[in-house]
Novice: 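Submitted below is the structure of interest, expressed as structure tokens.
In what follows, chains are A, B, ... by sequence order, proteins preceding strands, each numbered from 1.
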Protein chains: 2
Amino acid sequence: MMVSTKGRYALTVMVDLARNGGDGFVSLSDIAEREKLSMKYLESIIAILNKGGMLTSLRGKNGGYKLARRPDEYTIDEILILTEGTLAPVNCIMQEGVQCDKAATCSTLPLWAGLDKAIENYLSAITLEDIIQGNRKKMLGDYCESCDPAE
Amino acid sequence: MMVSTKGRYALTVMVDLARNGGDGFVSLSDIAEREKLSMKYLESIIAILNKGGMLTSLRGKNGGYKLARRPDEYTIDEILILTEGTLAPVNCIMQEGVQCDKAATCSTLPLWAGLDKAIENYLSAITLEDIIQGNRKKMLGDYCESCDPAE
DNA sequence: CATATTCCTACTAAAAGAGTAGGATTTGTC
DNA sequence: GACAAATCCTACTCTTTTAGTAGGAATATG
């Protein structure tokens with residue numbers, strides 16, 4: 001499993017904020033209730049989003065969170081990488097510098113690199129806005145059965 | 001991480017067999033030595049490949065394993081699904097029947113479904129033969145720097 | 001000052017990941 | 001028939017990750 005509940009719930013929170021945010025701040029308890037998720041757990045997840053600059057927050061009564069940018073300015077890629085740490089499908093493909101010592105001669109490495117690219121490709125082409133618009137064509141591509149054939 | 005050492009080593013074993021197999025049987029100790037992997041661990045991995053019909057085996061002295069088909073008849077997809085159980089990037093996208101109870105209204109589900117398809121698409125288009133041929137163009141696509149621009 | 005909120009640290013239980021250990025069984029060779 | 005080399009099989013262990021929970025401090029509003 002590449003994306004854990006951490007990344008999934010983070011995305012859910014972002015979508016919820018995009019939908020229910022508007023100008024004001026949305027409290028975490030509201031989000032947790034709407035999405036039927038543990039507020040305590042969401043706390044730890046939203047902290048990552050907040051520290052990563054994805055949100056702005058306000059403490060105290062009537063406080064809460066709101067998106068730092070417009071929904072179309074977030075790619076799914078960056079949300080998931082921030083919360084999951086990496087989206088690499090294998091350990092071979094982690095950070096820039098350090099590589100497996102067999103990397104130079106490894107015949108399967110190009111496969112993993114290609115898979116990594118395919119995933120990044122897909123997830124960086126979709127934005128929060130696409131999700132709240134329900135842009136199934138963009139998300140499901142050729143596999144979308146309920147998409148208008150004309151674009 | 002979507003693919004663990006189990007899937008990675010399984011692929012390594014398959015590639016090794018494709019390269020060093022020929023007609024005869026190759027012993028696991030040979031493979032482990034060549035690939036510098038724990039033979040005991042490989043034992044449990046190759047058992048999955050064997051039971052899954054990917055290999056034929058011969059017990060006793062001079063025994064070993066060999067591929068059940070030609071290298072171009074194995075997709076990477078099927079090797080990894082057999083050994084990993086699933087390649088689904090999230091828990092939401094597991095088996096056919098059972099789904100999350102929020103599936104009907106979940107706005108992020110199409111994203112996960114699309115990601116799943118993108119992964120399957122990539123991995124089912126590549127065969128063992130592509131790997132042993134070092135077909136970087138196919139594996140790395142547009143990101144391949146050392147690929148011939150003409151085809 | 002009471003209350004609703006974010007913020008912060010620490011803890012825990014279960015599952016998955018990455019092997020190890022030991023031996024039973026089979027088969028070819030001397 | 002004994003031996004050696006191999007697959008086959010069951011069980012165990014240690015570590016890391018996952019998925020939370022618990023409790024309280026800091027802050028802002030009415």
Side-chain angles (χ1 to χ4, degrees), chain A residues 1-13 17 24-33 35-66 68 80 83-92 94 100, chain B residues 1-10 12-13 17 21 24-33 35-66 68 80 83-92 94 100:
Chain A
M1 205 64 40
M2 189 175 40
V3 179
S4 66
T5 54
K6 213 151 100 181
R8 277 201 291 131
Y9 293 178
L11 185 55
T12 298
V13 165
L17 282 172
F25 289 90
V26 178
S27 81
L28 194 50
S29 57
D30 283 0
I31 299 176
E33 197 174 353
E35 308 297 340
K36 301 222 186 322
L37 296 172
S38 151
M39 166 162 166
K40 269 299 188 184
Y41 188 30
L42 284 191
E43 244 180 49
S44 65
I45 291 168
I46 209 165
I48 303 173
L49 293 169
N50 196 21
K51 281 181 191 152
M54 300 263 163
L55 307 174
T56 58
S57 66
L58 180 65
R59 301 178 71 164
K61 196 162 182 176
N62 299 330
Y65 302 90
K66 67 177 173 186
L80 294 180
T83 47
E84 294 286 328
T86 176
L87 287 179
V90 289
N91 269 327
C92 318
M94 298 300 280
C100 168
Chain B
M1 204 65 37
M2 190 175 38
V3 179
S4 66
T5 53
K6 214 150 98 179
R8 278 200 290 131
Y9 292 177
T12 298
V13 164
L17 281 172
F25 289 90
V26 178
S27 79
L28 194 48
S29 56
D30 283 359
I31 299 176
E33 197 174 354
E35 308 297 339
K36 302 221 184 325
L37 296 172
S38 151
M39 167 163 165
K40 267 300 185 183
Y41 189 29
L42 284 191
E43 241 180 51
S44 64
I45 292 167
I46 209 164
I48 303 172
L49 293 169
N50 196 22
K51 281 182 193 153
M54 300 264 163
L55 307 175
T56 58
S57 66
L58 181 65
R59 301 180 72 167
K61 196 163 184 177
N62 299 330
Y65 303 90
K66 65 178 174 185
L80 294 180
T83 47
E84 294 286 326
T86 174
L87 287 179
V90 290
N91 269 326
C92 318
M94 298 301 281
C100 167

Novice: Please give, in whole Å, the distance from C:dA18 P to B:Leu42 CG?
Specialist: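 So the CG-P distance, B:Leu42 to C:dA18, works out to 13 Å.
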Novice: Of all the nucleotides listed (C:dT6, D:dA19, D:dC8), which has the minimum atom distance to the side chain of A:Tyr65?
Specialist: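 Looking only at heavy atoms from C-beta outward on A:Tyr65, the closest nucleotide is C:dT6.
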Novice: Without decimals, in angstroms, what is the distance between B:Met39 CE and C:dT20 P?
Specialist: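 After rounding, the gap between these two atoms is 12 Å.
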Novice: Can you see if the side chain of A:Thr5 gets near the phosphate of D:dA19 - specifically, an N or O under 4.0 Å from OP1 or OP2?
Specialist: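 Yes, because at least one side-chain N or O of A:Thr5 sits under 4.0 Å from OP1 or OP2 of D:dA19.
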Novice: Check whether any side-chain nitrogen or oxygen of A:Ser4 sits under 4.0 Å from OP1 or OP2 of D:dA19, and answer yes or no.
Specialist: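 Yes, within the criterion.
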Novice: Work out which heavy atom in B:Gly53 is nearest to a heavy atom in B:Ala68; give both atom names and the distance.
Specialist: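 Smallest interatomic distance, heavy atoms only, reads O-CB, 3.7 Å.
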Novice: Can you check the A:Ile45 CD1 to D:dA19 C1' distance for me, whole Å?
Specialist: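 In whole Å, D:dA19 C1' and A:Ile45 CD1 are 9 Å from each other.
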Novice: Would a 4.5 Å heavy-atom cut-off, applied to side chains only, mark B:Val3 and B:Leu87 as touching?
Specialist: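 Yes, their side chains come closer than 4.5 Å.
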Novice: With respect to the side chain of B:Asn62, which nucleotide from C:dT5, C:dG28, C:dT20 is positioned closest?
Specialist: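 Of the options given, the side chain of B:Asn62 lies nearest C:dG28.
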Novice: Is any side-chain heavy atom of B:Ile46 closer than 4.5 Å to one of B:Tyr9?
Specialist: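 Sidechains of B:Ile46 and B:Tyr9: no contact.
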Novice: When you look at NZ of A:Lys6, are more than 12 heavy atoms from neighbouring residues, nucleotides or ligands closer to it than 6.0 Å?
Specialist: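 At most 12 heavy atoms, drawn from other residues, nucleotides or ligands, come within 6.0 Å of this atom.
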Novice: Spell out yes or no: do the side chain of B:Arg59 and the base of C:dT27 have one donor N/O and one acceptor N/O closer than 3.5 Å?
Specialist: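 Donor-acceptor pair under 3.5 Å: no.
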Novice: Just compare D:dG24, D:dC8, D:dA6 and give me whichever is closest to any side-chain atom of B:Lys40.
Specialist: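 Looking only at heavy atoms from C-beta outward on B:Lys40, the closest nucleotide is D:dC8.
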Novice: Given atom CD1 of A:Ile48 and atom P of D:dT18, what is their separation to the nearest angstrom?
Specialist: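 Rounded to the whole Å, the gap is 11 Å.
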Novice: Would the base of D:dG20 count as contacting A:Lys6 through its side chain, where contact means a donor and an acceptor less than 3.5 Å apart?
Specialist: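 Answer is no: no donor-acceptor pair is held.
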Novice: Closest nucleotide of DNA chain C for A:Ile46 versus for A:Lys61: which of these residues is on the 5' side?
Specialist: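 Looking at DNA chain C, the more 5' nearest nucleotide goes with A:Lys61.
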Novice: Please give me every residue in residues 49-58 of chain B whose heavy atoms get under 4.0 Å of an atom in DNA chain C, ordered by residue number.
Specialist: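 None, since no heavy atom is under 4.0 Å.
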Novice: Would a 4.5 Å heavy-atom cut-off, applied to side chains only, mark B:Val13 and B:Leu49 as touching?
Specialist: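 B:Val13 vs B:Leu49: side chains touch.
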Novice: Whole angstrom is fine here: how far is it from CZ in B:Phe25 over to C1' in C:dT27?
Specialist: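 Taking CZ of B:Phe25 and C1' of C:dT27, I get 12 Å after rounding.
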Novice: Run the side chain to side chain contact (heavy atoms under 4.5 Å, CB included) test against B:Glu33 and tell me which residues pass, sequence neighbours left out.
Specialist: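 B:Glu33 satisfies side chain to side chain contact (heavy atoms under 4.5 Å, CB included) with no residue once adjacent residues are dropped.
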Novice: In whole angstrom, what separates A:Tyr41's OH from D:dT17's C1'?
Specialist: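 Answer to the nearest Å: 10 Å.
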Novice: In the structure I gave you, are the side-chain heavy atoms of B:Phe25 and B:Asn62 within less than 4.5 Å of one another anywhere?
Specialist: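 No - every pair of side-chain heavy atoms lies 4.5 Å or more apart.
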Novice: Report the distance from atom CD of A:Glu33 to atom P of C:dA4, rounded to the nearest whole Å.
Specialist: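 To the nearest whole Å, that distance equals 14 Å.
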Novice: Locate the shortest heavy-atom distance separating A:Ile45 from A:Thr5; write the atom from each residue and the value.
Specialist: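 Reported closest heavy-atom pair: CD1-O, 4.4 Å.
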Novice: Are A:Tyr9 and D:dG20 close enough that a side-chain N or O sits under 4.0 Å from OP1 or OP2?
Specialist: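 Answer yes for this pair, as a side-chain N or O of A:Tyr9 is under 4.0 Å from OP1 or OP2.
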Novice: Take the protein atom CD of A:Glu43 and the nucleotide atom C1' of D:dG23, then report the distance between them rounded to whole Å.
Specialist: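 Whole-Å distance recorded here is 11 Å.
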Novice: Where the side chain of A:Ser38 is concerned, which of D:dA19, C:dC8, D:dT21 is the nearest nucleotide?
Specialist: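 So the side chain of A:Ser38 is nearest to D:dT21.
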